[in-house]
Amino acid sequence: MASLISDSEKANLVGIFTDVFDTFKREVVVHKDPIKVIDQINLTAIFGYDEFSNETNYSYETNNKTIYAVVRYSENHSFADIDKNTINLIKGDASIKVDKAGRDYINNGKTEKIVFDGKTFNVDGQEMIQRFLDSEFYIFNLKLTS
């Protein structure tokens with residue numbers, strides 16, 4: 001079947017769409033579950049004698065990564081559902097648009113929080129896919145934590 005857009009025009013339009021993302025993106029920090037690091041295994045646990053039988057021999061290491069996203073705040077904090085098939089609306093306090101690498105990091109494991117502008121947010125629901133010709137971006141709705 002014939003296409004109205006040639007391959008070179010399609011590549012050019014996808015490049016422009018990606019440039020728009022690159023122009024407005026900024027850093028956001030995605031925090032995951034902390035990593036438990038065991039310092040030393042205590043094999044000589046003797047109960048009693050005024051000492052703890054099992055001393056704390058582990059610590060927690062922060063597990064976060066900075067990714068790039070386009071941030072959009074909602075104006076009214078909630079929108080009415082007009083038509084879910086044609087319009088993607090922000091439901092919550094903000095939304096972020098990320099590329100595939102950012103989506104994979106957010107969805108891999110448990111995301112505890114997302115931090116930007118000195119505010120902390122939680123992911124609210126599943127991501128929405130935004131496609132344009134051969135490009136894909138992913139939108140996550142966020143809720144402000146108290």
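Any value given below was found using the heavy atoms of this structure, including those in side chains, with hydrogens, waters and symmetry copies removed. Index from 1, following the sequence.
Here salt bridge (Lys or Arg N to Asp or Glu O under 4.0 Å) pairs that include residues 5-20, with residues two or more places apart or in two chains, number zero.
Not counting sequence neighbours, the partners of Asp117 by the side-chain hydrogen bond (donor to acceptor under 3.5 Å, both in side chains) test are Arg26, Tyr73. With sequence neighbours excluded, no residue satisfies ring pair (Phe, Tyr, Trp, His ring centres under 6.0 Å) with Tyr105. Take Lys36 and apply the side-chain contact (heavy atoms from CB on, under 4.5 Å) test, not counting sequence neighbours, and it matches Tyr58, Tyr60. A search for side-chain contact (heavy atoms from CB on, under 4.5 Å) contacts involving Asn12 returns Ile16, not counting sequence neighbours. Contacts of Phe121 classified as ring pair (Phe, Tyr, Trp, His ring centres under 6.0 Å), with partners at least two apart in sequence or in another chain: Phe116. Taking Phe17 as the reference, Phe132, Phe137 meet the ring pair (Phe, Tyr, Trp, His ring centres under 6.0 Å) condition, with sequence neighbours excluded. The side-chain contact (heavy atoms from CB on, under 4.5 Å) search around Ser8 returns Ser6, not counting sequence neighbours. Residues meeting the salt bridge (Lys or Arg N to Asp or Glu O under 4.0 Å) test with Lys97, sequence neighbours left out: none. In terms of the side-chain hydrogen bond (donor to acceptor under 3.5 Å, both in side chains) criterion, residue partners of Asp104 (sequence neighbours excluded) are, by chain and number, Lys100. For Gln126, the side-chain contact (heavy atoms from CB on, under 4.5 Å) test picks out no residue, with sequence neighbours left out.
Through chains of ILVMFWY side-chain contacts below 4.5 Å, Val37 is grouped with Ile35.
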